[in-house]
Chemist: 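Let me begin by handing over the structure; questions about it come next.
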Amino acid sequence: MAPTPVKLSVNGKSYEAKVEPRTTLADCLRHSLGLTGTHVGCEHGVCGACTVILDGAPVRSCLMFAVQAHGAEITTVEGLANGDELSPLQAAFRKHHALQCGFCTPGILTTMHVLLSEEPDADADRIREVLSGNICRCTGYIQIVEAILDARAAYKDDART
Amino acid sequence: MKASGFEYLRPSRVEEAVALLARYGSDAKAIAGGQSLVPMMAFRLATPRYLVDIGRIEGLNRILVEREVVRLGALVRWRDIERSAELPRAHPLLVEAIRHVAHYQIRNRGTVGGSLAHADPAAEMPGVAVSCEAEILVAGPSGQRTIAAPDFFLGPLMTALEPDELIVEVRLPAWREGRCWAFQEFARRRGDFALAGVALFYDLDASGRAANVHIGAIGVSDTPLRLREAEAQIEGQVVSEVVVRKVAQAASASVTPAEDIHAPSEYRRALLGVLTERALAQAAGLPLREGA
Amino acid sequence: MSVHKPYIGQGLERTEDLRLLTGRGTFVDDYEPAGVLHMAILRSSIAHGRLQGIDSAAALKMPGVHAILTAADIGGTVPTIPIRLAPIAGLEKYLQPVIAHSKVRYVGEPTALVLADSRALAEDALAKIDVTIDPLDPIADWKTAQADSALLFEENGTNVAARYSVGFGDVDDVFAKADYTRREFFRAHRHTALPMETRGLVAEWDDVAGRLIVTGATKVTFFNRRTLAAMLQMPESTIDLIEVDVGGGFGVRGEFYPEDFLIPFAARKLKRPVKWIEDRLEHLQAVNHSREIDCELEIACSRDGKILGLRGQVFGDMGAYTRTNSGVVPAKAAQFLHGPYRISAVKFDVSIVMTSKTPVGTYRSPGRFEANFFREQLIDMAARDLDIDPIEIRRRNLITESEMPYSIGKLVPYETETAYDTGNYPAGLGKCLEAFGWDDKKKLQGQKIDGRYHGLGIACFVESGGAGPRENVRMTIERDGHITVAIGSSVMGQGLETVFAQIAADALELAFDRFRVLHGSTTLLDEGFGTYHSRAVVMGGSAILDGAKNLQTAIAKTAALQFNCAAEEVRIEGANAIAPDGRRMSFAALASATGPITADGTFANNKRTYSYGAHAAHVSVDPRTGHVAVHDYVALEDIGRAINPASVHGQSYGAVVQGLGGVFLDHLIYDDNAQLLNASLADYLVPTASDFPNVRSVTMELCKSPSNPLGAKGAGEGGMVAVAAATANAVAAALAKFNVKITELPLNPPRIWRLIETARSTMTSSLSAEPMD
């Protein structure tokens, strides 16, 4: 079907893409907008690698067609860092060796950024509960949870200011 | 796993959506959250030529707690239910059941209407609808009609919805104070579809006996279903350990689950018994000797 | 002069994380050259049949379709994929053609290629291709295969690719005379690695230069280049295989698959760049499966629990074709039955049988995951029968340090005799038990608490690593003083860019951030050997030590010319070369003056390293649902030397959790028609964060390996080798009262439930004082 114009605001920047309606948001971000940080692991909404933040909520971008997201505000992993400086969450991941191959990592970062923003007191159980929507094959999740627990402090500071 | 091609339509009103569905019939599918539909399209198990996005229709995402009824608009998302300040009191069984649905990211998009229309036999929302005798409000070309939940679910992924109809709301009878209730399910991993699940409630009459008993099950049949034989075992009884075990046996005996790659029939049947026992003990505040 | 503080042994933050955390990694799907055509592959939906014809006329007319290729387009013989290692006589008769031509032999086998403007358009065309296959009887399991009524390769006359025996000692005599013997039948099930990134390749053909560049390669890039060159009849030097960021390998990614020929072939034929990104459905059908081993195993012991002999039959279900790692899986399943114990007589008969299912290859800890499960279960059964504590029986049989090196003879047909190099196996067991708190937890054995039965299990293991033959490195001082380390090892997430830099930095006593590691691509070196069998640090790391020495020689030579002195007179201090009269030139200055300074290094070794250790598990079982919870799990391994402990720990955790998936969740389910029933992540289940939170890892650096200058033993797979063993032992211990035998994997709820129900129904009520649940 004919390419449809889609306007998206991604990481604070406006984009316009022309995509077939059947193009997923994930494919649109990656191939139309060149933002390849969001990864595609299954295309059927199970693995979570494709998670982006859409209008403030983490969603599986492989389960949305780009046309559905027209007009939305999106944050991808590329929008989490502060220029060249890693965000506190990213820095915690690095400190705790919470990634190995890095393929699932963007989806976890976006998900956890929102979780900690809304629940800076989330405990290990809550973190694991939410993290269950992201599959990692390399780490066994142990060091990921440690990193997220460590990163909470930065979000609590934010909440206070 | 790319979907087959389609034309994308985004009506802004229910009437418009219905008209589109009527025009294109079985070539069209409505999409709301897409959490069930898009994977089917990725596998090309669903290949609509027209995708009617109802996700932005105003007024379909309200949660209304009224005297006789709790009303959930079709576009109410799982996260809306999670975050509702009223629902924990207005319908605790719904809130508890929904806690088991999928994962965080999916809960931000998945909708009540979508789950009902998809009608997976192991899904929680259809289970709650049947267990609680909900009514599903549906809009079609000739107006609105109400379908009682048990009449709505016809088989696995099959409902009474016509191709030109849209779910607009589901209505649950208002919850009663002092009600005994529980929801238990067993899945392979957190967030997976249940291998079996039980949603139950009963009220207590003046002498502390169970009345108005509702026991519903998911994952053990082609649709969610009420376990009438099991209900009969407690109706009018004081719920004791003996009663609990009788109910569980009746529940098990009353179903013949299909076999699939995840479990043989006998396992699901036994599992249903265990979950019924545990749920009922929990609802009655009884400590089961085996521990729950 | 400042003292160099060693980087080896520090859990340094990883260099690669900077790009991976910010979404600036380059995985193969992130790369798309201009003018690319997208490929979709038509795969057989029938497990076994004769390919009669492919009609693509209608598909060719579909929008955006440029070409549809089949075996006929290859012209001449369709190449077959060669064996890379572990050649076992007989297996070479079952090689896979790069595309089906006369027969199809498994669901998922490639039959046709569609090249189109987009993947979506290519998939639209797939649906329109008309393939005629005359079905033949499917061959869904090895028993059916062995009967040879339907043959996968008629010309071979049998589906049994190979049969051989290995062993030593007088097994018959030992078993005849032993106080105690026990024989059991064990089964490990088919599952796979499931890396989070599926496979992908981008092939670019330069028609003018006659050069091919293939991006997306990994693991054994030089071997793959050689193989591809032979298939395409091109000189190796005209093909480059480029390794970019890789989303996990675990043994299954990077071997030469049909697609490794098909995509480059299409690019050359159509003179357009071709991109293929595997989707998850394809992945589950096409990527190597593993672990499907049956084993009848018998143990002979003296009354006091000394293991006198071990014998058995190993049956490997290999799927439809021999893949590049040939018979590794069943061969290692037999070899590692011996384990870390002193056994004077062993004999294993191995049958390697072909079935009409996805071909089998190595997956992390190939054969070991299975063998350790079989043997450790049997040891626990013997312990119970002989009324000996399971820890004690192991203590009596573990090989001790004073017996090292300990020869286990030749237990693999394609290898020479081998010996365990160094190790203190009893110390490993002791440390594991201590970390786990076995003595405190012991009282939980078989106890029913809150409706759940608790059990503890232990398993000891030995694991080989550091496979030879060699690895190469090229080290270059760049004009700005940075040092590039180009190495033949491949990286799939193990943090080697950091680990290799640590090794190089210590070897040259320079700052860590001076180093940049490039890996895997064939453009970097003349020859490399790759990453598999936990060899990267042992082989690659040791090559770096050699390269560092050679680089210092090269620096001295270069400086000598600048200083006008003899090379032996040049001193190197930090990043400076110093002349006998005190003049200094920094490496940067030297390289700027003369051009980059390069030296090669290499390390050759045919001796394996042997890591070892023990795993301990605490589980509880809900008998009414069959659910198993893992309350605590300790994986202990002596790896000789840990270069980056945080990285090693991370891999150990990952291996354990992946292994627990292999016990409880992962399962490739086939029906009697050899149809794969669960080719999606909704139905192929892997661990999530809430499944196994209670995993602990202990790394020992007790016994160095004598066979490489780092003293390292391979690491990366030891975390997985004993997971089924320890966990199954714990489950069996938990259910001891029911006398259930845990002899088959997976241990999913319906199976556990069934075992208990069967046991219950054969138990009389007098056996149990408690009321039945």
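By convention in this document, chain letters (A, B, ...) are assigned in the order of the sequence lines, proteins followed by strands, and residues within each chain are numbered from 1.
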Chemist: Name the region of C:Thr22, side chain, backbone, both or neither, that has any atom closer than 4.5 Å to a heavy atom of chain A.
Modeler: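 For C:Thr22, heavy atoms of backbone and side chain both lie under 4.5 Å from chain A.
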Chemist: Can the ring centroids of C:Phe500 and C:His519 be said to lie less than 6.0 angstrom from one another?
Modeler: no
Chemist: Do you know which of C:Leu21, C:Asp17, C:Val656 has the most heavy-atom pairs with chain A at a distance under 4.5 angstrom?
Modeler: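 Of C:Leu21, C:Asp17, C:Val656, C:Leu21 has the most heavy-atom pairs under 4.5 Å with chain A.
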Chemist: For residues C:Ala40 and C:Ala122, report the shortest heavy-atom separation together with the two atoms involved.
Modeler: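 It is CB-CB, 3.5 Å.
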Chemist: Donor-acceptor check, side chain of A:Thr23 to backbone of A:Cys28, threshold 3.5 angstrom: yes or no?
Modeler: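 Checking the backbone N and O of A:Cys28 against the side chain of A:Thr23, no donor-acceptor pair under 3.5 Å is found.
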Chemist: Checking heavy atoms, do the side chain of C:Ser680, its backbone, both or neither come under 4.5 Å from chain A?
Modeler: both
Chemist: Counting heavy-atom pairs under 4.5 Å with chain A, which one of C:Leu660, C:Leu194, C:Ile277 comes out on top?
Modeler: C:Leu194
Chemist: Check each atom of C:Met196 against the heavy atoms of chain A and say whether the ones under 4.5 Å are side chain, backbone, both or neither.
Modeler: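 Contact with chain A involves both backbone and side-chain atoms of C:Met196.
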Chemist: Hey, is A:Lys156 close enough to A:Asp121 for a salt bridge, meaning N to O under 4.0 Å?
Modeler: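 Judged by the 4.0 Å cut-off on N to carboxylate O distance, A:Lys156 and A:Asp121 do form a salt bridge.
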Chemist: Would you mind checking which part of C:Arg14 comes under 4.5 Å of any heavy atom in chain A, side chain (CB onward), backbone (N, CA, C, O), both or neither?
Modeler: both
Chemist: Heavy-atom cut-off 4.5 Å, strictly under: side chain, backbone, both or neither for C:Leu121 against chain A?
Modeler: both
Chemist: Which one, C:Ser697, C:Ala120, C:Gly249, C:Gly247, leads in non-hydrogen pairs under 4.5 Å with chain A?
Modeler: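 Counting heavy-atom pairs under 4.5 Å, the top option is C:Ala120.
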Chemist: Taking only heavy atoms into account, what residues of residues 86-102 of chain A are found under 4.5 Å from chain C?
Modeler: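 Near chain C, by residue number: A:Leu86, A:Gln90, A:Phe93, A:Arg94, A:Lys95, A:His97, A:Leu99, A:Gln100, A:Cys101, A:Gly102.
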Chemist: Please look at C:Val246 and chain A and tell me whether the side chain, the backbone, both or neither of the residue comes under 4.5 angstrom of a heavy atom of that chain.
Modeler: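 For C:Val246, backbone heavy atoms alone lie under 4.5 Å from chain A.
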Chemist: Does a salt bridge link A:Arg152 with A:Glu118, judged by any charged N lying under 4.0 Å from a carboxylate O?
Modeler: no
Chemist: I want to check something: taking the side chain as every heavy atom from C-beta on, are A:Val52 and A:Pro58 in contact at a cut-off of under 4.5 Å?
Modeler: no
Chemist: Hey, mind stepping through C:His615 and C:Tyr633 against ring-ring contact (aromatic ring centres under 6.0 Å, His included) and telling me if it holds?
Modeler: CA-CA 7 Å; C:His615 288 194; C:Tyr633 195 100; 5.4 Å; yes
Chemist: Taking the six-membered ring where the residue is Trp, are the ring centres of C:Phe27 and A:Phe103 under 6.0 Å apart?
Modeler: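 Judged by ring-centre distance (under 6.0 Å), C:Phe27 and A:Phe103 do meet the cut-off.
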Chemist: Is any NZ, NE, NH1 or NH2 atom of the basic residue among C:Asp29 and C:Lys275 found under 4.0 Å from an Asp or Glu carboxylate oxygen of the other?
Modeler: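 Salt bridge present between C:Asp29 and C:Lys275.
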Chemist: Got more than 12 heavy atoms from elsewhere within 6.0 Å of CD, A:Glu85?
Modeler: no
Chemist: Which answer fits C:His283, side chain, backbone, both or neither, if we ask what part of it has an atom under 4.5 Å from a heavy atom of chain A?
Modeler: neither
Chemist: Given heavy-atom pairs under 4.5 angstrom as the criterion, report whether the side chain, backbone, both or neither of C:Glu13 touches chain A.
Modeler: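 Both the backbone and the side chain of C:Glu13 come within 4.5 Å of chain A.
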Chemist: Answer yes or no for A:Arg22 and A:Phe65: cation-pi contact, defined as NZ/CZ to six-membered ring centre under 6.0 Å and angle to ring axis within 45°.
Modeler: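 Not flagged: A:Arg22 not positioned over aromatic ring of A:Phe65.
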Chemist: Is the shortest distance from a Lys or Arg side-chain nitrogen in C:Arg253 or C:Glu197 to a carboxylate oxygen in the other one below 4.0 Å?
Modeler: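 C:Glu197 and C:Arg253: salt-bridged.
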Chemist: Heavy-atom cut-off 4.5 Å, strictly under: side chain, backbone, both or neither for C:Thr498 against chain A?
Modeler: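 Contact with chain A: none, neither part.
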Chemist: When only heavy atoms count and the cut-off is under 4.5 Å, which of residues 133-151 of chain A reach chain C?
Modeler: A:Ile135, A:Cys136, A:Arg137, A:Cys138, A:Thr139, A:Gly140, A:Tyr141, A:Ile142, A:Gln143
Chemist: Examine whether an atom of C:Asp245 lies under 4.5 Å from a heavy atom of chain A, and if so say whether it belongs to the side chain, the backbone or both; otherwise answer neither.
Modeler: neither
Chemist: Given the options C:Ser118, C:Gly719, C:Pro687, C:Gly25, which has more heavy-atom pairs under 4.5 Å with chain A than any of the others?
Modeler: C:Pro687
Chemist: If you tally heavy-atom pairs under 4.5 Å against chain A, which of C:Val657, C:Leu20, C:Leu681 wins?
Modeler: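 Among the listed options, the one with the most contacts to chain A is C:Leu681.
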Chemist: Report which part of C:Gln651 has an atom under 4.5 Å of a heavy atom belonging to chain A: side chain, backbone, both, or neither.
Modeler: both
Chemist: Pick one of side chain, backbone, both or neither for C:Asn694, based on which atoms fall under 4.5 Å of a heavy atom in chain A.
Modeler: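 For C:Asn694, there is no contact with chain A at all, as no heavy atom is under 4.5 Å.
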Chemist: C:Leu281 versus chain A, heavy atoms under 4.5 Å apart: side chain, backbone, both or neither?
Modeler: neither
Chemist: Taking the side chain from C:Tyr684 and the backbone from C:Thr192, do they hold a donor-acceptor pair closer than 3.5 Å?
Modeler: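 Such a contact is found between C:Tyr684 side chain and C:Thr192 backbone.
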Chemist: Please find the pair of heavy atoms, one from C:Trp276 and one from C:Met39, that lie closest to each other, and give the distance.
Modeler: CD1-O, 3.5 Å
Chemist: Work out which heavy atom in C:Gly35 is nearest to a heavy atom in C:Pro273; give both atom names and the distance.
Modeler: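 So the minimum-distance heavy-atom pair works out to O-CD, 3.5 Å.
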Chemist: Which one wins on heavy-atom pair count under 4.5 Å against chain C: A:Arg30, A:Glu78, A:Glu43?
Modeler: A:Arg30
Chemist: Between C:Phe692 and C:His631, is the gap from one ring center to the other below 6.0 Å?
Modeler: no
Chemist: Side chain of C:Arg291, backbone of C:Tyr363: donor and acceptor closer than 3.5 Å?
Modeler: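 The answer is yes, because a donor-acceptor pair under 3.5 Å joins these two groups.
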Chemist: Using a cut-off of under 4.5 Å on heavy-atom pairs, state which of A:Ala49, A:Ser132, A:Ala81, A:Pro106 scores highest against chain C.
Modeler: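 Most heavy-atom pairs within the cutoff with chain C belong to A:Ser132.
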Chemist: So, does C:Ser365 use its side chain to make a donor-acceptor pair with the main chain of C:Phe369 at under 3.5 Å?
Modeler: yes
Chemist: Can you see which heavy atom on A:Val59 is nearest to which on A:Met64, and at what distance?
Modeler: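 Where A:Val59 meets A:Met64 most closely, the heavy atoms are CG2-SD, 4.2 Å.
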Chemist: Where on C:Asp691 is there a heavy atom nearer than 4.5 Å to chain A: the side chain, the backbone, both, or neither?
Modeler: neither
Chemist: So, does A:Arg60 use its side chain to make a donor-acceptor pair with the main chain of A:Gly45 at under 3.5 Å?
Modeler: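 Judged by distance alone, yes, a pair lies under 3.5 Å.
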